[in-house]
Amino acid sequence: MRGKSDKTLTRLVPVLLTWFDQSARSLPWRTARGVKRDAYRVWLSEIMLQQTTVPHAAPYFIDFTTRWPTVDHLAAAKDEDVMQAWAGLGYYARARNLLKCARDVAARGGFPETEAALRTLPGIGPYTAGAIAALAFGERTPAVDGNAERVFARLLAMQEDWPAAKKRIAAIVRELVPASRPGDFAEALMDLGATVCTPKRPDCHVCPLAELCLARIEGAPEQYPVKPEKAARPERFGAVYVLRRAGFVWLVRRAPSGLLGGMLALPTSAWSETSAHTAAPLEADWRRVGDVRHVFTHFSLKLDVWTADVADADLPEGVWADEAQTAGLPTVFAKAARLGGVNVPKRR
DNA sequence: AACCCGGGGGG
DNA sequence: CCCCCAGGGTT
C-alpha cells in the first residue's frame with residue numbers, strides 16, 4: 001500500500017534500536033538498559049517535557065522526585081507547594097493537571113496500564129498516553145512527539161500539508177512499534193530527533209537512517225517538515241507594582257484558570273494596547289523604576305515597574321511575602337520584582 | 001479544526 | 001533577532 005516506503009520502514013526498526021543501544025542519552029528519568037521503568041517517574045518526566053526542553057526540565061524533575069518520591073507523596077502535597085515548585089517551567093495548567101492526575105491515580109491505587117485508560121487522565125493526551133504505556137508498561141503503542149514527526153517527515157520527504165502529514169506519521173508509527181521493545185523504540189526516535197535529526201542542521205553523516213532517508217537523498221533535509229507560517233505576535237502593555245515593607249513584598253494569587261492561572265504574582269494593571277498606571281494596590285509614593293519585557297506564547301508584554309515602600313498597609317487580598325516565597329513567582333514577575341529591588345532567589 | 005497556554009537556549 | 005521544543009485542554 002505504501003509501495004516504495006515499505007522497505008525503508010521495515011528496515012528502520014532494527015537499525016534504530018541498534019543505534020539506540022550504543023547512543024542512548026543518559027537522563028535523570030531513564031533506567032539502565034533492561035531495567036523496568038517506574039510509571040510515576042515516566043509520567044512526571046513526560047508532563048514536564050511537554051513543550052519543554054530536556055535541560056530546562058531536568059533540574060525540576062530531580063527536585064520533584066526528591067521531595068515527592070512516589071505518586072502518593074505528590075497526591076498528598078499542598079497545591080501551593082507544587083505550584084511554587086513548578087514556577088519557571090511554564091504552561092502552568094500542566095501543574096494543576098499534574099496534581100489532579102496524581103490524586104486520581106492515588107485514589108485508584110496506581111496508574112492504569114493501557115494507552116486507552118491513561119488517555120482519560122487529566123494532562124495526559126495522545127502522545128503522553130502512548131509514551132507511558134510503552135515506556136512503563138511495555139504496551140505496543142506509539143509515542144509520536146515533535147522529534148518523531150520531524151524524523152518521519154524527512155525520512156519519507158513528506159510534501160503534504162503538516163496536519164495531513166502528522167496524521168499519516170501517527171498511522172505509520174503505530175504499525176512499526178516493535179512488540180519486543182516499544183519503550184526503547186520511543187526513546188530511540190526521541191534521541192535521534194534531539195541529537196542527530198535536529199530542526200535546523202541535521203547531522204546526516206552520523207545518522208543511522210541516512211541510507212534510508214529520502215530528504216537526505218534529495219539533498220536538503222532541513223527543508224522538512226513543511227510547516228505553515230505562524231501568525232505575528234501582538235504586543236501588550238501594562239503596569240506592575242512592587243510594594244515593599246521591611247524586607248517583605250506584596251503578592252497576590254492569580255485566578256485559578258487562564259494565563260499564569262493559580263500562580264503567585266505581583267499585582268498588575270490590565271494588559272492592553274497602551275500602558276496605564278491606574279491600578280496600584282493602594283495610594284503611596286510610587287516611583288517608576290523601569291520596565292520588563294516578556295514573551296508569552298501568543299503575545300509580547302511590556303510592563304512598567306512601579307515601586308513604593310510603606311510602613312504598614314491595609315490591603316483587601318494577598319500576602320506579605322518574604323524573599324523565599326518570591327522563588328515561586330513565574331518568570332515575568334521574578335524579573336519585575338528584581339527590578340523593583342527584591343532579592344528573588346535563583347531557583348537552582 | 002482553531003485557539004489558548006511559558007519559557008528558554010540555539011542558531 | 002527568530003526559531004521551536006518529549007502537547008493538552010477547551011470550544
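Everything quoted here is computed from the prediction, not taken from an experiment. Chain identifiers are assigned alphabetically (A, B, ...) following the order of the sequence lines, protein sequences preceding nucleic acid strands; residue numbering begins at 1 within each chain.
At a threshold of 4.0 angstrom between heavy atoms, the contacts of A/Thr128 are confined to the sugar-phosphate backbone, with no base atom among them. Contacts of A/Thr331 with the nucleic acid, taken as non-hydrogen atoms under 4.0 Å apart, involve only primed sugar atoms and P, OP1 or OP2. As judged by a 4.0 angstrom heavy-atom cut-off over every strand, A/Pro55 is placed among residues making no nucleic acid contact. Within the 4.0 angstrom heavy-atom criterion, only backbone atoms of the sugar-phosphate kind lie near A/Leu260; the bases stay farther away. Looking at heavy-atom distances under 4.0 Å, A/Trp29 makes contact with a base. Within 4.0 Å of A/Lys100, counting heavy atoms only, lies no atom of the nucleic acid at all. Residue-level contact check: A/Pro330 touches the backbone only, with heavy atoms under 4.0 Å from sugar-phosphate atoms and none from bases.
Comparing B/dG11 with C/dA6, their P atoms sit 14 Å apart, to the nearest whole Å. C/dT11 and B/dG6 are spaced 16 Å apart, taking the P atom of each and rounding to whole Å.
Nearest-nucleotide assignment on DNA chain C puts the 5′-proximal partner with A/Ser45, out of A/Arg119 and A/Ser45. Mapping A/Val332 and A/Lys167 onto DNA chain B via the closest heavy atom, the residue that lands nearer the 5' end is A/Lys167. Checking A/Leu259 against A/Arg201, the closest nucleotide of DNA chain B that is more toward the 5' end is the one next to A/Leu259. Comparing A/Leu121 and A/Arg30 by the nucleotide of DNA chain C that holds the closest heavy atom to each, the one mapping nearer the 5' end is A/Arg30.
Taking atom CE on A/Met190 and atom C1' on C/dA6, their separation rounds to 5 Å, with Å as the unit. When rounded to the nearest whole Å, the span between NE2 of A/His298 and P of B/dC4 equals 6 Å. Taking atom CD of A/Glu149 as the reference point, atom P of C/dA6 lies 11 Å away to the nearest angstrom. Between the P atom of C/dG7 and the CH2 atom of A/Trp162 lies a distance of 12 Å, rounded to the nearest Å. Taking atom CZ of residue A/Arg94 and atom P of nucleotide C/dC5, one finds them 15 Å apart after rounding to whole Å. Taking atom NZ of residue A/Lys200 and atom P of nucleotide C/dC2, one finds them 11 Å apart after rounding to whole Å. Rounding to whole angstrom units, CZ of residue A/Phe296 and C1' of B/dG7 are separated by 10 Å. Rounded to whole Å, the distance from CG on A/Asp161 to P on B/dA2 is 10 Å.
Base pairing analysis places C/dC5 opposite B/dG7; the two distances defining the Watson-Crick or G-U wobble pair are each below 3.5 Å.
Figure legend: A/Arg287 and A/Trp306 shown without cation-pi pairing, the cationic atom not lying both under 6.0 angstrom from the six-membered ring centre and within 45 degrees of its axis.
A/Thr297 contributes a side-chain N or O that forms a donor-acceptor pair with the base of B/dG6 under 3.5 Å. With hydrogens and angles ignored, a donor-acceptor pair under 3.5 angstrom links the side chain of A/Thr52 to the base of B/dG6.
Ring pair A/Phe237/A/Trp271: centre-to-centre distance not below 6.0 Å. Aromatic ring centres of A/Trp43 and A/Phe111 lie closer together than 6.0 Å. Checked against the 6.0 Å centroid threshold, A/His294 and A/Phe296 count as a close aromatic pair.
Scanning residues 16-28 of chain A for heavy-atom distances under 4.0 Å to DNA chain C yields A/Arg25, A/Leu27.
Side-chain N/O atoms of A/Thr297 and A/Tyr91 include a donor and acceptor closer than 3.5 Å. Between the side chains of A/His73 and A/Thr70, at least one donor N or O sits under 3.5 Å from an acceptor N or O.
Not one side-chain nitrogen or oxygen of A/His56 sits closer than 4.0 Å to the OP1 or OP2 atom of C/dC5. For C/dG7, one of the phosphate oxygens OP1 or OP2 lies less than 4.0 angstrom from a side-chain nitrogen or oxygen of A/Gln51. Distances shorter than 4.0 Å separate some side-chain N or O of A/Tyr92 from OP1 or OP2 on B/dG7.
Counting heavy atoms from C-beta outward, A/Glu139 and A/Glu113 have side chains that stay 4.5 Å or more apart.
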- request: Under the side chain to side chain contact (heavy atoms under 4.5 Å, CB included) rule, what do A/Arg253 and A/Leu264 come out as? Steps first, then yes or no, please.
  value: CA-CA 5 Å; A/Arg253 180 74 62 181; A/Leu264 216 47; 3.8 Å; yes
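Looking only at distances, a side-chain donor or acceptor of A/Arg94 sits under 3.5 Å from a matching main-chain atom of A/Gly90.
When distances run from any side-chain atom of A/Tyr91 to the nucleotides C/dA6, C/dC5, B/dG6, the shortest one goes to B/dG6.
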